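FYI, side chains are in, hydrogens and waters are out, and symmetry mates aren't considered; it's all heavy atoms of this structure. Bear in mind that the values here come from a model prediction, so they are computed numbers and not experimental data.
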Amino acid sequence: MSSEDTAIQLIAEAEKKVKASQGFFGGLFGGSSKLEDAVELYTRAGNSFKMAKKWSAAGTAFLEAAKIQRESLQSKHEAAQSYVDAGTCFKKADNEEAVKAYGEAIDIFTDMGRFTMAAKHHITVAEIYEGNNDLDMSIHHYEQAADYYRGEESNSSANKCALKVALFAAQMENYSKAIEIYEQVAADAIESSILKYSAKDYFFKAALCHMCVDVLEAQRAVEKYCDMHAAFQDSRECKLLRSLLEAQEEQNVEAFTEAVKEYDSISRIDQWLTTMLLRIKKSMNDNPDLT
């Protein structure tokens, strides 16, 4: 018998157990143990569907198990785990259903005060929206995760989520939000001997966001960052910023392009940086070609 056939058979058995648990006699003769049996059968069916790579059917089986655990057996933690199992399966076939399943798990974990677990699954949902290029919803879930991690004193995890928010906010031209996050995370990093080195990257990104808005504010920001973090002043990032600011002030597109090329020859410029640099250059000149 194939894994799929086994799963279908297990679902039928589970449905019989659920039916047998209902009504007067069901309640009289071990209704809850029949429901526990049904949960086990639905879970086994979900795993069999997984083996057959029938992801939607697997997700649905785990959902059935979760509903019984949550509504009839009051087993909150087990229900949350079943919703996560459902979400993991749906993620391979149906993003909308995956988001719903993870949402149920998040509600339960939040209700139980398991905020670290809730945050973890908010990140999963944020990644699903990110994959669909729905940055608004992705930001919403990364922000929720960051809030929960902060509440649990997991500042490193909170900052990772916040940096994702900053990245997307800048992409969506919400520069003030991005700047606020980059400056805050950089200020936190300076206080840590382990993270101090990464501060220059956050100051660099904050300054580029400033440059997309106002060259004078960007110049002031760079000076402020150098005062806050002496090591920033001698960094390649700061030297590039000074060259770019000078070129931007003089509307010298060639000097701007040359400075970017020189930096790129040593440190490869990623897609996000390319986008920001193109925007700054476009504000100087209608031709956005960086090469």
Side-chain angles (χ1 to χ4, degrees), residues 1-132 134 137-138 140-141 144-145 148:
M1 193 186 288
S2 73
S3 298
E4 188 177 357
D5 290 337
T6 302
I8 290 165
Q9 198 173 339
L10 288 165
I11 294 279
E13 286 175 39
E15 284 168 352
K16 276 183 200 161
K17 293 278 183 189
V18 171
K19 216 168 229 177
S21 75
Q22 290 163 348
F24 176 74
F25 289 109
L28 212 57
F29 301 110
S32 68
S33 77
K34 287 187 176 71
L35 288 174
E36 282 162 12
D37 292 345
V39 165
E40 192 196 333
L41 290 162
Y42 277 126
T43 303
R44 283 171 57 201
N47 287 324
S48 291
F49 277 130
K50 270 168 79 173
M51 285 165 68
K53 293 187 168 53
K54 298 290 179 186
W55 303 113
S56 285
T60 303
F62 287 123
L63 277 187
E64 291 299 329
K67 282 174 194 164
I68 296 169
Q69 287 164 322
R70 187 184 198 174
E71 292 162 18
S72 304
L73 299 174
Q74 307 297 310
S75 307
K76 285 185 178 179
H77 184 80
E78 288 79 3
Q81 192 48 58
S82 294
Y83 278 123
V84 169
D85 290 339
T88 305
C89 294
F90 282 130
K91 210 163 68 156
K92 296 177 187 292
D94 186 335
N95 282 335
E96 205 174 309
E97 286 301 320
V99 166
K100 279 187 203 164
Y102 283 120
E104 297 290 351
I106 287 166
D107 286 347
I108 294 171
F109 284 129
T110 306
D111 190 47
M112 292 171 72
R114 302 286 304 278
F115 295 109
T116 301
M117 292 298 288
K120 182 183 160 194
H121 298 302
H122 268 301
I123 291 172
T124 306
V125 173
E127 286 167 349
I128 291 171
Y129 282 119
E130 184 182 343
N132 289 349
D134 185 342
M137 287 304 292
S138 189
H140 168 72
H141 286 280
Q144 283 290 310
Y148 286 157

J.: Could you walk me through whether Thr60 and Ile11 pass the side chain to side chain contact (heavy atoms under 4.5 Å, CB included) test, one step at a time?
T.: CA-CA 10 Å; Thr60 303; Ile11 294 279; over 6 Å; no
J.: Below 3.5 Å, can you tabulate the donor-acceptor pairs from side chains in residues 38-49 to any protein atom, sequence neighbours excluded?
T.:
unit_1: Thr43; atom_1: OG1; unit_2: Val39; atom_2: O; d: 2.8
unit_1: Asn47; atom_1: ND2; unit_2: Thr43; atom_2: O; d: 3.3
unit_1: Ser48; atom_1: OG; unit_2: Arg44; atom_2: O; d: 3.2

J.: Quick one: pull up CG in Leu73 and OG in Ser21 and give me the separation to the nearest 0.5 Å.
T.: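 So the gap between those two atoms works out to 9.0 Å.
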J.: Give me each pair satisfying side chain to side chain donor-acceptor pair (under 3.5 Å) with a member in residues 112-131, each pair once, sequence neighbours excluded.
T.: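 Only His77-Arg114, His122-His141, Glu130-Tyr142, Glu130-Lys164 qualify under side chain to side chain donor-acceptor pair (under 3.5 Å).
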J.: For Lys16, what residues pass the salt bridge (Lys or Arg N to Asp or Glu O under 4.0 Å) criterion, not counting sequence neighbours?
T.: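 Lys16 satisfies salt bridge (Lys or Arg N to Asp or Glu O under 4.0 Å) with no residue once adjacent residues are dropped.
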J.: Tell me every residue that passes ring pair (Phe, Tyr, Trp, His ring centres under 6.0 Å) with Phe62, counting only those two or more places apart in sequence or in another chain.
T.: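 Testing Phe62 for ring pair (Phe, Tyr, Trp, His ring centres under 6.0 Å), a comparison that skips the adjacent residues, returns none.
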J.: Can you name the residues that form a salt bridge (Lys or Arg N to Asp or Glu O under 4.0 Å) with Glu104, not counting sequence neighbours?
T.: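 Arg70.
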J.: Kindly give the heavy-atom pair with the smallest separation between Ala80 and Phe109, and that separation in Å.
T.: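 That closest heavy-atom pairing would be CB-CZ, 3.6 Å.
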J.: Working to the nearest 0.5 angstrom, can you tell me the gap between Glu78 CD and Gln69 CD?
T.: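 Glu78 atom CD to Gln69 atom CD measures 6.0 Å (nearest 0.5 Å).
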J.: Within this structure, what is the CG-CG distance for the pair Leu10 and Asp5, rounded to the nearest 0.5 Å?
T.: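 Answer rounded to 0.5 Å: 11.0 Å.
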J.: Looking at NZ of Lys17 and OG of Ser33, how far apart are the two atoms once the value is rounded to the nearest 0.5 Å?
T.: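 Reported value, rounded in 0.5 Å steps: 7.5 Å.
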J.: To the closest 0.5 Å, what do you measure between OG (Ser56) and CG (Leu63)?
T.: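 Here the interatomic distance stands at 10.5 Å.
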J.: Does a sphere of radius 6.0 Å around CE in Met112 hold more than 12 heavy atoms from other residues, nucleotides or ligands, not counting ones at 6.0 Å or beyond?
T.: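 Result for CE/Met112: enclosed.
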J.: How far does CD1 of Ile106 sit from CE of Met117, to the nearest 0.5 angstrom?
T.: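 One finds 10.5 Å between CD1 of Ile106 and CE of Met117.
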J.: What donor-acceptor contacts under 3.5 angstrom involve side-chain atoms of residues 85-100, with partners at least two apart or in another chain?
T.:
unit_1: Asp85; atom_1: OD1; unit_2: Gln81; atom_2: NE2; d: 3.4
unit_1: Thr88; atom_1: OG1; unit_2: Val84; atom_2: O; d: 2.9
unit_1: Thr88; atom_1: OG1; unit_2: Tyr102; atom_2: OH; d: 3.3
unit_1: Asp94; atom_1: OD1; unit_2: Glu96; atom_2: N; d: 3.2
unit_1: Asp94; atom_1: OD1; unit_2: Glu97; atom_2: N; d: 3.2
unit_1: Asn95; atom_1: ND2; unit_2: Asn132; atom_2: OD1; d: 3.2
unit_1: Glu97; atom_1: OE2; unit_2: Lys100; atom_2: NZ; d: 3.3

